Visitor: 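Pasting a structure here, questions to come.
Small disclaimer: the values here were computed from a predicted structure and weren't measured. Note that ligands are numbered from 1 as they come in the structure, with each ligand's atoms numbered from 1 the same way.
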Amino acid sequence: MRKLLLVLAASAVAGWLFGYPLAMLTVGLAAVSLVWLYQIWRMRRWLEDPEQTPPESFGIWGVVYDTIYRLQRENREARSRLQSTVDYLQSSFASMRDGVVILTQAGAIEWCNEAARTLLGLEYPRDRGQLILNLVRLPEFHEYFVGGDFSRSLQVGLKGGRQRYLQMEITTFADGDFLLFVRDVTRMLQLEQQRRDFVGNVSHELRTPLTVFKGYLETLMAAGDRFDPRFHKPLEQMELQARRMENLLDDLLWLSRIESVRSEKKTERVDIAGLVEELRDELAHSHPERVVALRLDTRDGVAGDYRELHSAISNLVLNALKYSPDDKPVLVHWRREGEELLLSVVDQGPGIEEQHLPRLTERFYRVDESRSSATGGTGLGLAIVKHVAASHRAELRIDSEPGEGSAFTLAFPD
Ligand code: ADP
């Protein structure tokens, strides 16, 4: 502005000196306009190829060029930083052993890494924009994707050639786009199967000698009167321990059985209220001294396996009877709460300290070794309950406080 005023003042003074103030002022204004037009033209040429350094200039135009140049440089730097972050993330995804597929809201493939190409047989970039459901033609995956409940992962077996198993997991991000993770779990499942087979086989093999042993023991006990009384106690102890071992083998076999049929779909409708009524009648014979009270607020059943559910619920009720005093009743409560069906087994026993709760369903985990061996448990009861719950998509919840009793609840989704 100062320069502009200076030029105009100089033109006015020159005009006044030469007697043509208006003409000189006009000439001055025209000169300033020409200079500005020239600068605009230079700027346009520069902006056509902003890679060039800005034209040399001074005054206001110099400031304008410098500011634009600085903003351009900052913009370029931010872009390249962003690009290198994207490249870095993409290369880390690309190098993952698990398959990763980015899907749009509509389920079209946006990007996938090398592992996803091998695992799912995709071709990238050829398949970009294609719907994943058209390329991954597995009915289970179709159901999983369309169902929209991604809180659990999906495990599918692939047919043909060598049997392979894939685990698929979907998460949503940004505005409802999807990230699909795929992992080959064949080896893991094989190892798990081997472990289950081993436990199952060992338990099975141990049962045969145990049966022989128990048979002889019973014969000896039947002829007990003919023995020296000193042998009576050892014989009773042997019989008790043989029974414990038999229970343990039975539980181990049962656990390995329910573990191996876990993936099968449960279609049978089980009447839980009827099941607990039956259980109460059974216990009235085996534990006549105890009261098992029932509160059946609903007659709704759940999709499941009767034997498994019977074993889980009876384990909970037997625990409640085992760990609470004989004069205290045990309550079995079946009810609906919102979207869930709940089966609670409530006792007035000694309760369990909080630090034990997370580990209670581990095999052979015991809160109090001496109390448990006195009650003769196998240490597998709650592990069985947890497995049955998992195979029924149910959850085992434990509420307990020392001195206040315990409530074990199986929560079934409706
Ligand atoms: P166990 O055969 O020893 O009963 P479980 O797996 O059934 O094995 O139970 C694990 C442990 O949890 C038990 O040893 C016991 O310490 C504790 N427990 C289970 N149910 C109850 C209960 N109702 N009250 C108190 N403690 C319990």
Visitor: Distance under 4.0 Å to a non-hydrogen atom of Tyr365: what atoms of ligand 1 satisfy this?
Guide: 10 (C), 11 (C)
Visitor: Counting from 1, what ligand 1 atoms have a heavy atom of Leu360 closer than 4.0 Å?
Guide: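 In order of number, 12 (O).
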Visitor: For ligand 1, is any non-hydrogen atom under 4.0 Å from Asp347's backbone (N, CA, C, O), its side chain (CB onward), both, or neither?
Guide: side chain
Visitor: Ring-plane angle category for His392 and Phe412, please: parallel below 30°, perpendicular beyond 60°, tilted otherwise.
Guide: perpendicular
Visitor: If the cut-off is 4.0 Å to any non-hydrogen atom of Gly381, which atoms of ligand 1 fall inside it?
Guide: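 Those atoms are 5 (P), 6 (O), 7 (O).
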Visitor: With a 4.0 Å cut-off on heavy atoms, does Phe408 reach ligand 1?
Guide: yes
Visitor: How far does OG of Ser203 sit from CD of Glu246, to the nearest 0.5 angstrom?
Guide: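 Nearest 0.5 Å value for the OG-CD distance: 12.5 Å.
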Visitor: Record the part of Leu382 in heavy-atom contact with ligand 1 below 4.0 Å; permitted values are side chain, backbone, both and neither.
Guide: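 Both of them.
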Visitor: According to the interplanar angle, ranging from 0 to 90°, do the rings of Phe178 and Phe150 count as parallel (below 30°), tilted (30 to 60°) or perpendicular (above 60°)?
Guide: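 Correct class here is perpendicular.
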Visitor: Considering only heavy atoms of Arg366, which atoms of ligand 1 have at least one such atom less than 4.0 Å away?
Guide: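 Taking each heavy atom of Arg366 in turn, ligand 1 has 3 (O), 14 (O) under 4.0 Å.
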Visitor: Looking at Asp297 and Arg336, is any side-chain nitrogen of the basic one under 4.0 Å from a carboxylate oxygen of the acidic one?
Guide: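 Answer for the salt bridge query: no.
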Visitor: Numbering the atoms of ligand 1 from 1, which are under 4.0 Å from a heavy atom of Ser406?
Guide: 24 (N)
Visitor: Return yes if a side-chain donor-acceptor contact under 3.5 Å exists between Trp254 and Ser311, otherwise no.
Guide: yes
Visitor: Using a strict cut-off of 4.0 Å, indicate which atoms of ligand 1 neighbour a heavy atom of Thr378.
Guide: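 Counting from 1, the qualifying ligand atoms are 2 (O).
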Visitor: Is ligand 1 under 4.0 Å from a heavy atom in the side chain of Lys322, in the backbone, in both, or in neither?
Guide: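 Side chain only.
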Visitor: Walk me through whether Gln163 and Thr186 qualify under side chain to side chain donor-acceptor pair (under 3.5 Å).
Guide: CA-CA 8 Å; Gln163 177 80 19; Thr186 315; over 6 Å; no
Visitor: Go through the side-chain N and O atoms of Glu205 and Asn201 and say whether any donor and acceptor fall under 3.5 Å apart.
Guide: no
Visitor: Pick, from Gly379, Gly377, Gly349, Gly351, the option with the minimum heavy-atom distance to atom 8 (O) of ligand 1.
Guide: Gly379
Visitor: Distance only, no hydrogens: is a donor on one side chain within 3.5 Å (strictly under) of an acceptor on the other, for Arg335 and Ser344?
Guide: yes
Visitor: With heavy-atom distances below 4.0 Å as the criterion, list the atoms of ligand 1 near Val367.
Guide: 16 (O), 17 (C)
Visitor: Counting heavy atoms only, which of Asp251, Asn319, Ile398 is nearest atom 7 (O) of ligand 1?
Guide: Asn319
Visitor: Within the 4.0 Å heavy-atom shell around Ile352, which atoms of ligand 1 are there?
Guide: 25 (C), 26 (N), 27 (C)
Visitor: Check side-chain hydrogen bond (donor to acceptor under 3.5 Å, both in side chains) between Arg359 and all other residues, then give those that pass, not counting sequence neighbours.
Guide: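 Here the qualifying residues are Glu362.
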